[in-house]
Amino acid sequence: DTAVSQTPKYLVTQMGNDKSIKCEQNLGHDTMYWYKQDSKKFLKIMFSYNNKELIINETVPNRFSPKSPDKAHLNLHINSLELGDSAVYFCASSLKADTMTQFFGPGTRLTVL
Amino acid sequence: SQQGEEDPQALSIQEGENATMNCSYKTSINNLQWYRQNSGRGLVHLILIRSNEREKHSGRLRVTLDTSKKSSSLLITASRAADTASYFCATGPQGGSEKLVFGKGTKLTVNP
């Protein structure tokens, strides 16, 4: 059974469009994260939610809006997509919000044309 | 700001050899973790070492931590082709911050 799943795996879209990436974890974890990995493999945290409450919000354009309907789901909505948004987006979860072991999803490769 | 810096950026070895990767960081930490990322996949947690520990083993993995030098090393012994991946260190800062800060990774290639 997949622990942390993301959909879609690939997303190709035009500049200016709005898109969403979904993430679900079945580990019973309290905390979920969104990371962005650029073309140089640098992995940077974007957001973190603990029990549906936003606890980390890095310097990310407000075109990016996370939504956590329950603690097992953390979705990422991106408005007005730009070329620079092209990257691989990873969802992750951890038991608690304490920087211990994180479990990552398989990633969503977003390409903005 | 970026915390961990892995060294080397890329490493190519033969099967059976040992691989050593290093990580340096800048601020005080609560723990340091190593993750592996196979091409096109998510990161997988390998090992966590706390700031009050100096060495930890897990199977063919050996991690050391020197907080005075703000550095860690990951040793993979008797490497296999399946160890080919990128390896990232991630630091959990002191001070209650919940976020892990990742380095840029070392790309390891193990040739059969």
Side-chain angles (χ1 to χ4, degrees), chain A residues 2-7 9-10 21 23-25 27 29-51 53-60 74 87-111, chain B residues 1-11 21 23 25 27-51 53 56 58 61 63 84-109:
Chain A
T2 304
V4 182
S5 59
Q6 294 177 230
T7 54
K9 188 167 174 59
Y10 300 98
I21 307 172
C23 178
E24 177 181 1
Q25 54 95 3
L27 298 167
H29 287 171
D30 283 350
T31 310
M32 296 184 72
Y33 310 82
W34 276 110
Y35 288 88
K36 179 181 180 181
Q37 188 174 44
D38 62 24
S39 58
K40 296 182 180 178
K41 302 294 186 186
F42 181 44
L43 195 71
K44 192 171 189 302
I45 191 164
M46 300 171 69
F47 301 102
S48 176
Y49 272 72
N50 186 57
N51 268 322
E53 182 183 338
L54 181 68
I55 56 171
I56 294 175
N57 186 354
E58 291 293 289
T59 309
V60 176
L74 180 61
V88 182
Y89 292 84
F90 287 99
C91 177
S93 71
S94 63
L95 185 61
K96 300 287 179 189
D98 60 1
T99 69
M100 293 305 186
T101 304
Q102 293 187 12
F103 294 78
F104 282 77
T108 295
R109 182 174 291 277
L110 171 65
T111 303
Chain B
S1 62
Q2 186 179 333
Q3 173 77 306
E5 290 272 355
E6 287 90 343
D7 166 54
Q9 287 190 333
L11 180 61
M21 288 159 271
C23 170
Y25 57 91
T27 61
S28 296
I29 62 170
N30 176 280
N31 66 77
L32 186 143
Q33 305 178 34
W34 285 91
Y35 287 79
R36 183 187 74 228
Q37 183 179 31
N38 289 83
S39 181
R41 310 288 284 272
L43 279 75
V44 174
H45 180 263
L46 295 176
I47 196 164
L48 179 152
I49 187 164
R50 297 175 191 269
S51 59
E53 298 176 308
K56 206 159 182 181
S58 176
L61 305 181
V63 168
T84 294
S86 291
Y87 291 82
F88 294 85
C89 70
T91 50
Q94 277 187 347
S97 168
E98 295 84 5
K99 65 179 183 182
L100 285 180
V101 181
F102 285 82
K104 290 183 179 179
T106 292
K107 185 169 171 58
L108 173 66
T109 303

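These values consider heavy atoms only, across backbone and side chains, with no hydrogens, waters or symmetry-generated copies. Naming convention: chains lettered A, B, ... in sequence-line order (proteins, then strands); numbering from 1 in each chain.
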Which atoms form the tightest heavy-atom contact between [X] and [Y], and what is the distance?
X: A/Phe90; Y: B/Gln37; value: CZ-NE2, 3.2 Å
X: B/Lys104; Y: A/Phe42; value: CG-CD1, 4.1 Å
X: A/Phe104; Y: B/Phe102; value: CZ-CZ, 3.7 Å
X: B/Gln33; Y: A/Thr101; value: OE1-CA, 3.7 Å

Side chain from CB out, backbone as N, CA, C, O: work out which of these in [X] comes under 4.5 Å of a heavy atom of chain B, or both, or neither.
X: A/Lys9; value: side chain
X: A/Glu58; value: side chain
X: A/Phe103; value: neither

Could you state the interatomic distance from [atom1] ([X]) to [atom2] ([Y]), rounded to the nearest 0.5 Å?
X: B/Tyr35; Y: A/Gln102; atom1: OH; atom2: CD; result: 5.0 Å
X: B/Leu43; Y: A/Tyr35; atom1: CG; atom2: OH; result: 9.0 Å
X: B/Gln9; Y: A/Lys41; atom1: CD; atom2: NZ; result: 13.5 Å

Crowding at CD, A/Glu53 (>12 non-hydrogen neighbours, <6.0 Å):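 No, not enclosed.
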
Side chain to side chain donor-acceptor pair (under 3.5 Å) involving A/Tyr49 - partner list, sequence neighbours excluded: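 In terms of side chain to side chain donor-acceptor pair (under 3.5 Å), with neighbours along the sequence ignored, A/Tyr49 is linked to no residue.
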
